[in-house]
2 protein chains.
Amino acid sequence: MKRFFSKKEGMSTLAKIWEDHLRARGYRLTKARRAVLETMASETGHRTPEEIHRQARWRYRKLGLVTVYRTLALLERLNLVQRVHQGKMRCHSFAAVRLEKGHHHQLICRTCGHVEEFPDCALDRTLRKLQARTGFAIESHHLEVVGQCPKCQ
Amino acid sequence: MKRFFSKKEGMSTLAKIWEDHLRARGYRLTKARRAVLETMASETGHRTPEEIHRQARWRYRKLGLVTVYRTLALLERLNLVQRVHQGKMRCHSFAAVRLEKGHHHQLICRTCGHVEEFPDCALDRTLRKLQARTGFAIESHHLEVVGQCPKCQ
DNA sequence: TTTGTTATTGAAAATAGATTTCATTTAGCG
DNA sequence: CGCTAAATGAAATCTATTTTCAATAACAAA
């Protein structure tokens with residue numbers, strides 16, 4: 001996972017911007033929040049609340065897991081952080097997908113939750129190259145696109 | 001969600017193939033399993049175990065949710081069904097992703113769980129077209145590629 | 001600085017989703 | 001039919017997430 005700023009450099013520019021954002025909206029800047037903010041701002045990539053908690057405790061030992069959940073919810077409301085998936089497992093059938101020529105993916109509205117399916121994502125060539133380069137035997141892929149639907153804009 | 005076969009048509013070809021698959025491996029074909037099999041084979045698209053249960057009960061009223069979980073696990077072991085995500089929420093920061101030129105995605109080994117990151121998924125053009133066609137203001141996307149890593153093959 | 005107000009916190013309780021246990025049922029065989 | 005082991009449903013358990021609540025600490029005003 002790529003790190004933008006080493007721990008020694010302290011807070012990233014991004015985390016500073018977020019702090020201003022919170023202050024401007026009247027939220028208090030606590031040690032707990034700073035720890036989560038800086039942790040979230042320091043890496044791309046998805047992490048579970050537990051992983052975030054483990055990382056953020058290097059910045060503030062007393063941080064509780066509950067506060068991580070709450071801070072993530074706050075950052076999500078402010079559109080600074082996004083939940084890439086909910087806490088529910090989801091299944092689909094390989095074969096049913098293969099029966100269609102070019103399968104479908106999901107376009108999800110972040111505001112109203114409306115889901116639109118769209119076909120053929122034109123990834124085949126990219127995936128073939130990826131397979132050649134990494135040696136993985138690629139079996140399936142899953143693409144989720146998030147945005148705002150026309151009604152909610 | 002597209003349906004391949006109407007309910008009146010009864011069992012789909014795909015479901016029949018799956019039944020043979022189970023029989024060949026010595027698994028028993030119960031009403032409960034048939035109901036889940038036919039339900040999974042009848043649609044593409046991700047569903048939660050609860051949704052699958054609700055749908056499958058139209059085929060077999062007495063079906064329990066636990067059996068849905070168990071049957072999905074079985075179908076997964078036989079590589080007929082795939083879990084597109086686990087029961088844990090995952091978050092990432094929009095802004096951190098935007099700071100990088102071309103962001104990273106994940107290549108996951110279904111057997112050992114090894115995760116490899118890869119850059120730039122060449123989706124930009126597709127997404128621009130999608131935005132134009134649907135009117136969605138696209139904000140982010142998330143791509144997960146599943147396969148078997150070289151060691152596990 | 002010190003003080004007072006109130007948002008925020010952590011711990012524990014409550015809830016929800018997924019898995020395991022176990023007594024009962026039933027598919028598939030003779 | 002009957003037998004037997006595999007499969008089921010209900011309840012118990014486990015794990016992830018959310019809510020509750022008394023204690024704490026941020027920060028505005030003195």
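By convention in this document, chain letters (A, B, ...) are assigned in the order of the sequence lines, proteins followed by strands, and residues within each chain are numbered from 1.
- Rounded to whole Å, the distance from CG on A/Leu72 to C1' on D/dA16 is 14 Å.
- Nearest nucleotide to the B/Tyr69 side chain, out of D/dA10, C/dA11, C/dA18: C/dA18.
- A distance-only check finds no donor-acceptor pair linking the side chain of A/Arg23 to the backbone of A/Leu29 [under 3.5 Å].
- Of all non-hydrogen atoms in B/Gln131 and B/Ile138, the two that sit nearest each other are OE1-N, 3.2 Å.
- Of the candidate nucleotides D/dA10, C/dT8, D/dA7, D/dA10 has the atom nearest to the side chain of B/Arg70.
- Here the side chain of A/Arg83 is nearest to one of C/dT9, D/dT18, D/dG9, namely D/dT18.
- The CG atom of B/Leu65 sits 12 Å away from the C1' atom of D/dA10 (whole-angstrom rounding).
- Relative to the six-membered ring of A/Trp58, A/Arg54 misses at least one condition, a distance below 6.0 Å or an angle of at most 45° to the axis.
- Taking atom CZ of residue A/Arg90 and atom P of nucleotide C/dA18, one finds them 10 Å apart after rounding to whole Å.
- Looking only at distances, no side-chain donor or acceptor of A/His53 sits under 3.5 Å from a matching main-chain atom of A/Tyr69.
- Side-chain proximity of A/Arg33 to C/dG28, C/dA18, C/dT8: nearest is C/dT8.
- The side chain of B/Arg28 lies closest to D/dT4, out of D/dA25, D/dT4, C/dG17.
- Shortest non-hydrogen contact noted between A/Thr39 and A/Ala35 is OG1-O, 2.7 Å.
- Rounded to an integer number of Å, the gap from CZ of B/Arg77 to P of D/dA6 is 13 Å.
- A straight line from CZ of B/Arg57 to P of D/dG9 spans 10 Å, rounded to a whole angstrom.
- For the pair A/Lys88 NZ and C/dT19 P, the computed distance is 14 Å after rounding to whole Å.
- For the pair A/Thr30 and C/dT9, the criterion of a side-chain N or O lying under 4.0 Å from OP1 or OP2 is met.
- To the nearest angstrom, P of D/dA6 lies 18 Å from CZ of B/Arg23.
- The shortest distance between the side-chain N/O atoms of B/Lys62 and the OP1/OP2 oxygens of C/dT24 is not below 4.0 Å.
- Both B/Tyr27 and B/Thr48 lie close to DNA chain C; mapped to their nearest nucleotides by heavy-atom distance, the more 5′-ward contact belongs to B/Thr48.
- Rounded to a whole Å, the CG atom of B/Leu29 is 9 Å from the C1' atom of C/dA27.
- Side chain of A/Val66, nearest nucleotide from C/dG28, C/dA11, D/dT17: C/dA11.
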